[in-house]
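Take a look at the structure set out below.
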Amino acid sequence: MPIKPAIPCLLLLAAMAGQARAAAPLPEAIAAPGETVVLSIHAEGAQVYECKAGADGKLAWAFREPIATLLSEGKTVGRHYAGPNWELADGSAVVGKAIGNAPGATAADIPWLKLDVTAHRGSGALTSVTTVQRIDTQGGKLDGACDKAGDFRSAPYSADYVFLKKG
């Protein structure tokens, strides 16, 4: 499968992306001082929402899970799904837990996130990753009332995921 050889290229792209981003500091809530970029990947997909009753008893859209394809140079290199999990074609995967967020560029954009990696699987490019940042989000938000509990709706989104390690 020609996907695996793309991973070393991704590492080079990640280093270049890290250098380019250095000129525009990230919001403090999601910054990761002292960490270095392992990999940066673009994602295209959807944020899935479920119609649920809120604390006030009113029905509203509640975030359920992400479903996205991870891309490099227009080629699929992995997937992102509930957990949240990121899994690459090289067999490596991580699970994260959100620890910080910052607003997206517009009201329609999901927030930027900082996530601690809580678990690793396999070996490959994500093996040493300790932190994941979701940045440059576009779309993905779904707010407001809904009509029927249990209904699902998805909102298209894109984002860049930056995978970092300590040191």
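Heads up: numbering here begins at 1 and tracks the sequence.
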In a check of salt bridge (charged side-chain N to carboxylate O under 4.0 Å, His left out) between Glu35 and each of Lys166, Lys165, Lys114, which one passes? Lys166

Using the ring of each side chain (for Trp, its six-membered ring), is Phe163 parallel, tilted or perpendicular to Trp86, with breaks at 30° and 60°? perpendicular

Identify the heavy atoms of Phe152 and Arg64 that sit nearest to each other, and give their distance. CE2-CD, 3.2 Å

Under 3.5 Å, side chain of Asn85 to main-chain N/O of His80, donor-acceptor pair present? no

Between CG on residue Asp116 and OG1 on residue Thr130, distance to nearest 0.5 Å: 7.5 Å

Would you find a donor on one side and an acceptor on the other, under 3.5 Å apart, between the side chain of Arg134 and the backbone of Pro111? yes

Is there a side chain to side chain contact (heavy atoms under 4.5 Å, CB included) between His42 and Ser158? Walk through the geometry before answering. CA-CA 7 Å; His42 184 69; Ser158 67; 3.9 Å; yes

Listing request: all disulfide bond (SG atoms under 2.5 Å apart) pairs with a residue in residues 60-140, at least two apart in sequence or in separate chains. none

Looking at Thr137 and Ala159, what are the two nearest heavy atoms and their distance? CG2-CB, 3.9 Å

Nearest heavy-atom approach of Pro103 to Trp112 is O-CD1, 4.2 Å

A side-chain contact here means heavy atoms from C-beta on lying under 4.5 Å apart; do Ser72 and Val77 qualify? yes

Only one of Val38, Asp136, Ile135 passes side-chain contact (heavy atoms from CB on, under 4.5 Å) with Val162, and that residue is Ile135

State whether the side chain of His120 and the backbone N or O of Val129 hold a donor-acceptor pair below 3.5 Å, judged by distance alone. yes

ring-ring contact (aromatic ring centres under 6.0 Å, His included) filter on Tyr81, not counting sequence neighbours, yields none

Asp90 (side chain) donor-acceptor with Ala125 (main chain) under 3.5 angstrom: yes

Atom CH2 of Trp61 and atom NZ of Lys52: how far apart are they, to the nearest 0.5 Å? 12.0 Å

Is there side-chain contact between Thr131 and Leu115, with at least one heavy-atom pair below 4.5 Å? no

Looking only at non-hydrogen atoms, find the nearest pair between Tyr49 and Ala155 and report the distance. CE1-CB, 4.2 Å

At their closest point, which heavy atom of Leu59 faces which heavy atom of Ala53, and how far apart are they? CD2-N, 3.7 Å

Is it the case that the side chain of Ser154 and the backbone of Gln47 share a donor-acceptor pair, with hydrogens and angles ignored and the cut-off at 3.5 Å? no

Decide yes or no on side chain to side chain contact (heavy atoms under 4.5 Å, CB included) for Lys148 and Cys51, but give the supporting numbers first. CA-CA 6 Å; Lys148 184 180 168 197; Cys51 185; 5.5 Å; no

Electrostatic pair Arg121:Glu87 at N-O distance under 4.0 angstrom: yes

Between Leu71 and Thr76, is there a side-chain heavy-atom distance shorter than 4.5 Å? yes

Is the closest side-chain heavy-atom distance between Leu142 and Phe63 below 4.5 Å? no

Are side-chain heavy atoms of Leu88 and Leu70 found at a separation under 4.5 Å? yes

Scanning both residues in full, the closest heavy-atom pair of Leu126 with Ser92 reads N-OG, 3.1 Å

Counting distance only, does the side-chain N/O of Gln133 pair as donor-acceptor with the main-chain N or O of Ile30 below 3.5 Å? yes

Set of residues satisfying ring-ring contact (aromatic ring centres under 6.0 Å, His included) with respect to Tyr157, sequence neighbours excluded: none

Let me see the working for Glu50 and Val48 under side chain to side chain contact (heavy atoms under 4.5 Å, CB included), right down to the final yes or no. CA-CA 7 Å; Glu50 183 176 359; Val48 179; over 6 Å; no

Kindly check if the number of other-residue, nucleotide or ligand heavy atoms within 6.0 Å of CD (Gln138) is above 12? no

